[in-house]
Each structure stands twice: as structure tokens, then as C-alpha cells.
*Asks:* 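Let me give you the structure first, and then I'll get to my questions.
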Amino acid sequence: MPAAASHQQSFDPVQILHDRFAAAIAAAFPEHAGGAADPVITPSKNPKFGDFQANGAMPLGKLIGRSPREAAAAIVKSVDLGDIAEPLSDASIAGPGFINITLKNTALARLLDRLDSTALGLDPVHGAEKQTIVVDLCGVNLAKQMHVGHLRAVIIGDAVARVFERMGHKVIRQNHVGDWGLNIAMVTAKLIELEKRGEKIDKLDLDRLEKLYKAAQKECSADERGLAMVEKYNLGPKALAEIGTQVHEAREHLAGAKNTLVKLQAHDPATVAVWKRIADLTMDACLATCKRLGADVTAEHSAGESSYAEELAPLVADLVARGITQESEGALVIRVEGFAEPCIIRKSDGGFLYATTDLAGIRRRVQRFGADRVVYCVDARQGLHFRLVFAAAHRAGFDVAPGHASPSSLEHAAFGMVLGQDGKPYKTRSGENVKLSDLLDEAVERAAAAVAGKNPDLSAEERTRIADAVGIAAIKYVDLSNDRIKDYVFDFDRMLAFEGNTGPYLLYALVRIRSIFRKAGSGMSALRADAPAAITIATPEEKTLALTLLRYPGVVRGVAASLEPHRLCQYLFDLAGAFSSFFTNCPVLQAHDEATKRSRLRLCAITERVLADGLSMLGIPTLDRM
RNA sequence: GUCCCGGUAGCUCAGUUGGAUAGAGCGGCCGCCUUCUAAGCGGCAGGUCGGGCGUUCGAAUCGCCCCCGGGACGCCA
């Protein structure tokens, strides 16, 4: 196989046309050959304007002080489209200076042939293009169930990581687990207390643990304001006694928790043992849910805050020594240009904060792991926090990898909230967070009912398997197909409707293709690698399908650059639609002649591979039947 | 108060570097299964792209000012 670089571009019509037109502009206007004149090649929206259009003549006309149509005429005259497209003429120029281009069907066939033979246009990056990319995802906390708030951090993070992996980058997933600090010490203290009272904690489950966590939080939270009010307004000895008791007990609990934190930090074996039990219990449940979701998040990706605990004091000391920090109201902060708020890295009581840990995280990821990019798949509400931390890390020089001249890229792939039908954050009727496992259960249950209705002939075992795949696909796809930054409304009926831009629709499109191959039998010889069938593009449906297939590599690169998986979803939906039209209008196995049948089989095969490949990047497993 | 993000068809959402008549799906209406899975395909109806001003040959897209909704704003994470 030829080296990727030049070969890789040679099936992308946009790239080819860009090169041809850039050459034509350089030839026609040598004085502007510096690259300022972009041909601006885009797919045409309306078929009557051809397949592609070159829109560069308008800005070029302005640049050279002639009318856009004149510029277009000069470009048309000098461009050499060879056997790629139909010859251009003055009739190809429309409106203010659009140049309409229609590809030759033979060229489409040739490009598809190349796409088919080169890892679907995505040969692994190599050399300087290959990056090390850290993807921060999942982000669970100890002693808490995964709930709907974690859904996007897992699904989007996993998809983004898969896209990078597919492109050949080195990806390091990091599940930044909230497993340290006073809150965790509180629940640890609570457990120790219970055990002292003789309660068994070995058989604890996560539900019970979460209740204990909330109870511990409450116990440690003193009503200081209430006490102040009682004292200020002299509300009487009874009120004073009541609230005084509450405050006194809370202060004691808090002191106990702080003491527990000190013991944890000092690696006291008994305390650490209890903490470890909490950690194991939580992480087992978390990783099980991730596995069920088909997300590649495992124990080796865990990087808890506890793993940074020993680094924080030296890190802060280093920053102080380098004069990057300053004191402010008793706290230690890093001032960042353009922000009124400072980045606080040490509290006035000497404790560290999540910004401190995040700074340590950036330093580890860039300087130890060698990350060229660090991508945080975290809720949009943390936007300000990340901007501060990124800027602080930059001031500290933590974002420059060893041997690198320029800083690595720190990116917050922020996502919006999951809303209920009332437009407010998605909760249970009683106002609790919805457990992720319950959400998955319900999706699978609903999918099972739908599958049973649509295809009663399946065995119970197969139906279960399909329902599981469809239910999970529905949830993941709806999350990924919405613009990341926006909130979206969670609606089981819509995502499982099997119509429109949904996971089930895409799975179905793929199933229909695979069904053809099951029935093809000896026709499979059309796909033999040593003698593949010749592709012929004859019908409008074949042409649309071909044009859509050829967009694939560019779409994937766009997703990697923008961190927006919904572009891939939109593309796969387009492709599934193009295939469905083809499927309806172009008989494959019943084609009029053998050559057409073989050509169409190969179109099916390429579509099948692209759909499956795209879905695999979304972390959605496919089915053979449904 | 300051900052960030949204506002596109009745509903849910796309809209690439500014490009021609703004697109899907659902819902409504009308067609298409003797033939590869109709969970599909084709068509019709449905829009002051929140409002205004500006930049431009050209604005849903860029700039400024408003309106509405959400979010974040020093020692929680």
C-alpha cells in the first residue's frame, strides 16, 4: 500500500477539487499565488447546481479588483479537471460567480474503489501527526451511585476517545475519581462509627452507602446561621438549647471527619482499610455500569484525587517559590489575566482544593504522560473553573511537555444538561437523581417490548440480546447526536421510536445490509480482495450513496478537531438514509445483470463497513438481525 | 452586577470556511409491500432563523445593542 499522505487525500472529492482549483487560480493569477485565494469547495446543497461548487471566485474578484464572474471565467478556463468531473464552460458559472461542478460517474467509482482499499480513508496517523491525547471522562465520586449526570461524561468521553484511537493517536483515558477530601472522610468516619457500634459493614451495597454519605454530610453541617439568629434575637433558652445541641454535635462530627482525614493522609491502616472498602464498592459498581454502557472505562483508567494527594504540597511550594502565587484574604491564589476571579489553590485553613488537584492533573498528563492534547469531557457548568485552571497551568508552565517548545492544548469538551419533559433537570418524581442503572433498565425493557412486537419470530434469547443492544444504542445515540454544548430533553419514546435520527434506525439500516449478504451466497465473490467487482454508478440513488460514502474520512477528522460526535451521528444518519433510498430503488440480488449485481453488492459492502466503523466510534455495538 | 452558553417549522433537533430557494425526524395529509427486514421509501402542508442596527455582492452564520431562558461567579467538588 502506498504511503498514506498523498494517497489518503486522493479519494476525497473536496480535496481533489481544491487542489485542482488552487492550481488553476495560481496559474490564472500568478501574482496572487501566495495561497490567499482559497477555491472554497463545498458540496452543493441542491442537485441542480451539480455535485460540488467552487465559491472562491467572489472573494478573488474583490482581491484583484475585477468582477467575480470575470474571475470565475478565468478559473474555469485554466482549471484542469481531467477525468474527475464533466468539463466546465461559461455555463458552469452561476449567480454572482458560483462554479458548479458535476463529477463523472466513472470518477466516483474510481474514488470509491480507493476508499474501499485504504482503511476507509482513515489510515493511521504517523510521525509528527500522531499525538498523545488524554481524555478525562466519567468522573464519578465515591459513595455515590452513577446518575444521569454521569451519562454524558461517559458516553461523549468514550466516543471522543474512540475517534482518536481510530485515527491512530495514542489515547490515555482518565477517570478522575472524587475519592479524597473532607466529604469522603465524613462517610469514612461514619462507617467506622457504625462498625464500632457493632454493625456489619461488609455486606454494604452502594445504595446504603450513598444514604450513609448523605447522612454524614448532614451530621457534619452545623446550623451556624441558626445559632447566630437565636443569639441575636434572644429567642429563648429552649431554642438556644435545641440549636446549640445541633451545632455542638455537628461540630463534633466535623472534627471527627477532619481527624479521619488526617488519619487517611497519614496512611493509618485501619482507616485506609475502611476507605478502601468504600472505594472498591463504588468503583465495582461504576465500572460495571460503564461496561454495560459499552464504554471502555476500566480500573486502569482510574486516577483518583487520592493519587495526587502527596503531590499537592510540593506543587504549591514550587509555585510559591517561583513567585506565581499570591496571598489573598488568607488564601493562596494565582491571578489570571482577563479574569476578576483568582484561581484559589490553597484555602486559608491550609487545605487544598479541586483546582489544586486539577493543576497536578495537568502537570501529570502533559509532563509525565506527554499529552499533546488534554480533553476534559465535563459538564458545562465547570467552564469558568477550567478556564481559570488552564490559564493558571499555563502560567505555571505545566502545559508544556518535556522537549516541546509550545504548550499542549487543554480543552474543555463541555456538555449541557439532560432535561426532563418539563424542561428542568431530569429527576425522578420525588426529585431524586435518576440512577443510571435504572435508566438503562427501562430503556432495555422498552426496547424488549418493541422488539417483541416487531419481530415475534425471534427466540427469547436472541430477543433479549437485541433488546439490550437496541436499548443501550438508543440512549447513547440520543446523547451523542445532540450538539454537545446544548441541553437536551430525555424522552424514551423518541429515542426508541425506531424512526428518524435514532440509534435503532441506524442499527436497522445495517441489519438490512447484512441481511442481503446472508442471502447473497455465492455473490460474495464480488467482494474478494484479489478480484473485487467493478463499481458502476448509474442511478441517482447510487450516486447519492457514493457521494455520501466519500465524505466519511473528512467527517471523522472534523469530529476529532471539534470534539463534536453529533457530526458523525448526522453523517451516519445521512448515510443510512442514502442507503435506504438505494435499497428501495435499486435491487441488488435481483439486479438485471450480473455486473450490476456485483457492483451493488460492493456498494452495500462499503456502506456496511462505514456504518459499522462509524457506530464503533460512537461505542455502539451492531447487530446482524433485529 | 460581571461573565459563559442557548433561542431555527406545532414538537424534538441539524445547518461545515458567510454562499444560491434554511433542512431532517415526529405529529398532520396523500401515495408505495407477489420481489433483498415497510423498524422502510416517495410526496404535500408547515418558517418575521428571539428583535433591531451594522459589515458584505451575499448573513441563521460575523460585529454592536436589546429581549427571553439556563448556568457560573474566593477558599464545596
Side-chain angles (χ1 to χ4, degrees), chain A residues 38 40-46 48-49 53 55 58-59 61-62 67-68 94-98 100 139 141 178 181-183 305 328-333 338-349 351-355 357-358 379-385 387-388 414 416-417 419 423-425 450-451 453-455 470 478 481-483 485-489 491 493-495 497-502 504-505 507-509 511-520 541 554-555 558 562 566-567 569-570 573-574 577 580-591 600 604 625-626:
Chain A
D38 183 346
V40 193
I41 308 293
T42 69
S44 298
K45 281 181 185 167
N46 191 326
K48 84 178 184 191
F49 299 133
Q53 50 185 301
N55 298 337
M58 280 86 79
K62 191 171 197 68
S67 86
F98 300 109
N100 294 331
N141 298 298
L182 192 55
N183 287 332
E305 291 176 336
S328 173
E329 299 170 33
L332 194 68
V333 307
F339 291 91
E341 305 86 345
C343 183
I344 305 175
I345 60 167
R346 193 180 65 202
K347 297 192 282 183
S348 48
D349 70 1
F352 302 119
L353 301 101
Y354 72 138
T357 310
D358 278 337
D379 171 19
R381 286 176 298 190
Q382 305 217 22
L384 175 62
H385 164 70
R387 289 196 296 156
L388 286 173
M417 286 182 294
L419 305 178
K424 289 188 274 196
V451 170
K454 302 280 187 192
N455 200 345
V470 169
V478 77
S481 61
N482 280 282
D483 189 350
I485 196 63
K486 294 186 186 175
D487 299 342
Y488 75 91
V489 176
D491 182 342
D493 290 331
R494 204 180 293 281
M495 73 179 80
F498 303 93
E499 289 128 8
N501 191 6
T502 67
Y505 173 82
L507 291 181
Y508 177 62
V511 161
R512 293 214 289 183
I513 304 177
R514 289 177 176 171
S515 174
I516 291 174
F517 288 119
R518 266 199 306 279
K519 305 205 170 174
E541 291 83 8
V555 168
S562 64
H566 81 276
R567 296 190 193 196
C569 295
Q570 187 68 42
F573 180 59
D574 288 348
S580 288
S581 294
F582 164 82
F583 183 83
T584 307
N585 294 293
C586 305
V588 178
L589 301 180
Q590 275 81 36
R600 287 180 178 171
C604 289
R625 296 168 210 270
M626 62 190 281

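Chain letters run A, B, ... following the sequence lines, proteins first, then strands; residues in each count from 1. Note that this is a predicted model, so its numbers are computed, not measured.
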*Asks:* Classify the side chain of A:Q570 versus the base of B:rA24 as yes if they form a donor-acceptor pair under 3.5 Å and no if they do not.
*Replies:*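 No, no donor-acceptor pair under 3.5 Å.
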
*Asks:* When you get a sec, tell me which of B:rG74, B:rA20, B:rG40 is the closest nucleotide to the side chain of A:Y508?
*Replies:*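 Looking only at heavy atoms from C-beta outward on A:Y508, the closest nucleotide is B:rG40.
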
*Asks:* Checking A:R381 against A:M417 for the side-chain contact (heavy atoms from CB on, under 4.5 Å) test, could you report, in this order, the C-alpha distance in whole Å, the side-chain angles of both residues, the deciding distance, and whether it holds?
*Replies:* CA-CA 9 Å; A:R381 286 176 298 190; A:M417 286 182 294; 4.2 Å; yes

*Asks:* For nucleotides B:rC73 and B:rG18, find the distance between their P atoms and express it as a whole number of Å.
*Replies:*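 Rounded to whole Å, the distance is 33 Å.
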
*Asks:* Which listed nucleotide (B:rC36, B:rG74, B:rA39) is nearest to the side chain of A:K454?
*Replies:*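 Looking only at heavy atoms from C-beta outward on A:K454, the closest nucleotide is B:rA39.
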
*Asks:* Paired with B:rG46: which nucleotide, if any, by Watson-Crick or G-U wobble criteria at under 3.5 Å for both distances?
*Replies:*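 Its partner: none found.
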
*Asks:* If you only use heavy atoms from C-beta on, which nucleotide in B:rG6, B:rA39, B:rC41 is closest to the side chain of A:N585?
*Replies:*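 Of all the options, the side chain of A:N585 is nearest to B:rC41.
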
*Asks:* Using atom CD of A:E499 as one end and atom P of B:rC13 as the other, report the distance to the nearest whole Å.
*Replies:*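 So the two atoms are 18 Å apart, to the nearest Å.
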
*Asks:* B:rA77, OP1 or OP2 - any side-chain N/O from A:T357 closer than 4.0 Å?
*Replies:*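 No, no such contact exists.
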
*Asks:* Should B:rG18 form a Watson-Crick or G-U wobble pair with both distances under 3.5 Å, which nucleotide is its partner?
*Replies:*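 Its partner: none found.
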
*Asks:* The side chain of A:R512 is closest to which nucleotide in this list: B:rC4, B:rA14, B:rA38?
*Replies:*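 Selected nucleotide: B:rA38.
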
*Asks:* Closest approach of A:C343 and A:A355, non-hydrogen atoms and distance?
*Replies:*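 So the minimum-distance heavy-atom pair works out to SG-CB, 3.9 Å.
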
*Asks:* Nearest to the side chain of A:M626, heavy atoms from C-beta on, is which of B:rG15, B:rC11, B:rA39?
*Replies:*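 So the side chain of A:M626 is nearest to B:rA39.
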
*Asks:* When rounded to the nearest Å, what value does the distance between P atoms of B:rG7 and B:rG43 take?
*Replies:*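 B:rG7 and B:rG43 have their P atoms separated by 28 Å.
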
*Asks:* Between A:L182 (CG) and B:rA77 (P), how many Å, whole number?
*Replies:*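 Rounding to the nearest Å, CG of A:L182 and P of B:rA77 are 9 Å apart.
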
*Asks:* How about A:Y508 and A:F498: are their ring centroids closer than 6.0 Å?
*Replies:*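 Ring-ring flag for A:Y508/A:F498: false, centres at least 6.0 Å apart.
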
*Asks:* Rounding to an integer number of Å, can you tell me how far A:L419 CG sits from B:rG69 C1'?
*Replies:*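 It works out to 11 Å between those atoms.
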
*Asks:* Under 4.0 Å, counting only non-hydrogen atoms across every strand here, what does A:S481 touch: a base, just sugar-phosphate, or nothing?
*Replies:*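 Counting heavy atoms under 4.0 Å across all strands, no contact is made by A:S481.
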
*Asks:* Looking across every strand, which nucleic acid part, if any, lies under 4.0 Å from A:L353 by heavy atom: base, sugar-phosphate, or nothing?
*Replies:*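 Sugar-phosphate only.
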
*Asks:* Please state the P separation for the pair B:rC3 and B:rG63 - nearest whole angstrom.
*Replies:*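 It comes out at 15 Å once rounded to the nearest Å.
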
*Asks:* A:Q590 has a side chain; which of B:rG19, B:rU35, B:rG6 sits nearest to it?
*Replies:*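 Side chain of A:Q590 sits closest to B:rU35.
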
*Asks:* Would you say A:M495 and A:T502 make side-chain contact, with heavy atoms under 4.5 Å?
*Replies:*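 The answer is no; the side chains never approach within 4.5 Å.
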
*Asks:* Heavy atoms, side chains only, cut-off 4.5 Å: are A:F582 and A:V588 in contact?
*Replies:*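 With C-beta onward as the side chain, the pair touches.
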
*Asks:* Taking any heavy-atom pair under 4.0 Å as a contact, classify A:A94: base, sugar-phosphate, or nothing.
*Replies:*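 Result for A:A94 = base.
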
*Asks:* Starting at CG of A:N501 and ending at P of B:rA39, how long is that distance when rounded to a whole Å?
*Replies:*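 The distance from CG of A:N501 to P of B:rA39 comes to 19 Å, rounded to the nearest Å.
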
*Asks:* Quick one: the side chain of A:Y354 and the base of B:rA77, do they pair up donor-acceptor inside 3.5 Å?
*Replies:*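 Such a pair exists between side chain and base.
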
*Asks:* When you compare B:rG46 with B:rG28, how far apart are their C1' atoms, in angstrom units rounded to a whole number?
*Replies:*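 Each nucleotide's C1' atom is 10 Å from the other's.
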
*Asks:* Would you say B:rC26 has OP1 or OP2 under 4.0 Å from some side-chain N or O of A:Y505?
*Replies:*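 Negative; the distance criterion is not met.
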
*Asks:* Under 5.5 Å centre to centre and under 30° between planes: does that hold for A:F49 and the six-membered base ring of B:rA20?
*Replies:*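 Whether judged by distance or by angle, A:F49 passes, so it stacks on the base of B:rA20.
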
*Asks:* Could you check which of B:rG74, B:rU56, B:rC4 has an atom nearest any side-chain atom of A:K62?
*Replies:*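 Selected nucleotide: B:rU56.
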
*Asks:* A:S348 near the nucleic acid: base, sugar-phosphate alone, or nothing, with a heavy-atom cut-off under 4.0 Å?
*Replies:*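 The residue A:S348 makes base contact.
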
*Asks:* Classify the nucleic acid contact of A:P59 as base, sugar-phosphate or nothing, counting any heavy atom under 4.0 Å across all strands shown.
*Replies:*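 Base contact.
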
*Asks:* What's A:L388 touching, base or sugar-phosphate or nothing? Going by heavy atoms closer than 4.0 Å.
*Replies:*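 Result for A:L388 = nothing.
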
*Asks:* When we call it a touch if two heavy atoms are under 4.0 Å apart, what does A:R625 touch: a base, just sugar-phosphate, or nothing?
*Replies:*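 Answer is base: heavy atoms of A:R625 come under 4.0 Å of a base.
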
*Asks:* Determine the contact category for A:V489: base if any of its heavy atoms lies under 4.0 Å from a base atom, sugar-phosphate if only primed atoms, P, OP1 or OP2 are that close, otherwise nothing.
*Replies:*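 Sugar-phosphate only.
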
*Asks:* Please give the nucleotide sitting opposite B:rG6 as a Watson-Crick or G-U wobble pair, both distances under 3.5 Å, or none.
*Replies:*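 Check on B:rG6: paired to B:rC68, both distances under 3.5 Å.
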
*Asks:* In whole angstrom, what separates A:I485's CD1 from B:rC5's P?
*Replies:*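 Spelled out: CD1 on A:I485 to P on B:rC5 is 8 Å.
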
*Asks:* Would you indicate what A:F583 reaches in the nucleic acid, counting non-hydrogen atoms under 4.0 angstrom: base, sugar-phosphate, or nothing?
*Replies:*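 The residue A:F583 makes base contact.
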
*Asks:* How long is the line joining CG of A:N55 and P of B:rU16, in whole Å?
*Replies:*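 Atom CG in A:N55 sits about 14 Å away from atom P in B:rU16.
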
*Asks:* Any strand is fair game: report the nucleotide pairing with B:rU12 by Watson-Crick or G-U wobble, both distances under 3.5 Å, or none.
*Replies:*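 Check on B:rU12: paired to B:rA24, both distances under 3.5 Å.
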
*Asks:* On a whole-Å scale, what distance lies between the C1' atoms belonging to B:rG47 and B:rA60?
*Replies:*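 Approximately 12 Å lies between the C1' atom of B:rG47 and that of B:rA60.
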
*Asks:* B:rC33: syn or anti, with syn meaning chi within 90° of zero?
*Replies:*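 Syn, angle within 90° of zero.
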
*Asks:* B:rG40 pairs with which nucleotide, Watson-Crick or G-U wobble, both distances below 3.5 Å?
*Replies:*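 B:rG40 is paired, partner B:rC32.
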
*Asks:* For A:D483, answer base if it contacts any base atom (sugar-phosphate contacts may also be present), sugar-phosphate if it contacts only those atoms, and nothing otherwise; contact means non-hydrogen atoms under 4.0 Å.
*Replies:*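 Sugar-phosphate contact only - A:D483 comes under 4.0 Å of backbone atoms but never of a base.
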
*Asks:* What nucleotide, of B:rG40, B:rC5, B:rC76, holds the atom closest to the side chain of A:N183?
*Replies:*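 When the side chain of A:N183 is considered, B:rC76 is the closest of B:rG40, B:rC5, B:rC76.
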
*Asks:* Taking all non-hydrogen atoms of both residues, which atom of A:I513 and which atom of A:C604 are closest, and how far apart?
*Replies:*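 Closest approach of A:I513 to A:C604: CG2-O, 3.5 Å.
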
*Asks:* Using a 4.0 Å heavy-atom cut-off across all strands, classify A:E341 as base, sugar-phosphate, or nothing.
*Replies:*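 A:E341: backbone/sugar contact only, no base atoms under 4.0 Å.
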
*Asks:* Any idea which heavy atoms bring A:R567 and A:G558 closest together, and the distance?
*Replies:*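 Closest heavy-atom pair between A:R567 and A:G558: NH1-O, 4.1 Å.
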
*Asks:* State, yes or no, whether a side-chain contact exists between A:T42 and A:Q53 at a heavy-atom distance under 4.5 Å.
*Replies:*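 Contact flag for A:T42/A:Q53 side chains = yes.
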
*Asks:* Just how far, in rounded Å, is P of B:rG6 from CG of A:N482?
*Replies:*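 Those two atoms, CG and P, are 14 Å apart.
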
*Asks:* What's the closest nucleotide to the side chain of A:K486 if the choices are B:rA77, B:rU8, B:rG19?
*Replies:*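 The listed nucleotide nearest to A:K486's side chain is B:rU8.
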
*Asks:* If you round to the nearest 0.5 Å, how far is CG of A:N141 from CD of A:E305?
*Replies:*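 Taking CD in A:E305 and CG in A:N141, the distance rounds to 7.5 Å.
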
*Asks:* I'd like to know if A:N100 reaches the base of B:rA20 with its side chain, counting only an N/O donor and acceptor under 3.5 Å.
*Replies:*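 Donor-acceptor pair under 3.5 Å: yes.
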
*Asks:* More 5' along RNA chain B: A:F352 or A:H566, using each one's nearest nucleotide?
*Replies:*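 Of the two residues, A:H566 wins.
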
*Asks:* A:Q382 or A:F498: which one's nearest nucleotide on RNA chain B is closer to the 5' end?
*Replies:*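 Taking each residue's closest nucleotide, the earlier one in sequence belongs to A:F498.
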
*Asks:* Hunt down the Watson-Crick or G-U wobble partner of B:rA60, both distances under 3.5 Å, from any strand shown, or write none.
*Replies:*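 Checking every strand shown, B:rA60 finds no partner, since no pair has both distances under 3.5 Å.
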
*Asks:* So is the aromatic ring of A:F98 stacked onto the base of B:rA20, judging by whether the centres are under 5.5 Å apart and the planes are under 30° apart?
*Replies:*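 It does: the ring sits over the base of B:rA20.
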
*Asks:* Reckon A:I344 touches a base, only the sugar-phosphate, or nothing at all at heavy-atom distances under 4.0 Å?
*Replies:*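 Counting heavy atoms under 4.0 Å across all strands, the contact made by A:I344 includes a base.
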
*Asks:* Could you work out which one of B:rG19, B:rA39, B:rU12 sits closest to the side chain of A:Q53?
*Replies:*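 Ranking B:rG19, B:rA39, B:rU12 by closest atom to the A:Q53 side chain puts B:rG19 first.
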
*Asks:* At under 4.0 Å between heavy atoms, what does A:R494 touch on the DNA or RNA strands: base, sugar-phosphate, or nothing?
*Replies:*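 Since a base atom lies under 4.0 Å of A:R494, the category is base.
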
*Asks:* Within this structure, what is the CZ-to-P distance between A:R346 and B:rC76, rounded to whole angstrom?
*Replies:*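 Going from CZ in A:R346 over to P in B:rC76 covers 14 Å.
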
*Asks:* Under 4.0 Å between any heavy atoms, over every strand shown, what does A:P342 touch: base, sugar-phosphate, or nothing? Just pick one.
*Replies:*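 It contacts base atoms.
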
*Asks:* With side chains defined as the heavy atoms from C-beta onward, is the minimum distance between A:R625 and A:N455 less than 4.5 Å?
*Replies:*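 No - every pair of side-chain heavy atoms lies 4.5 Å or more apart.
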
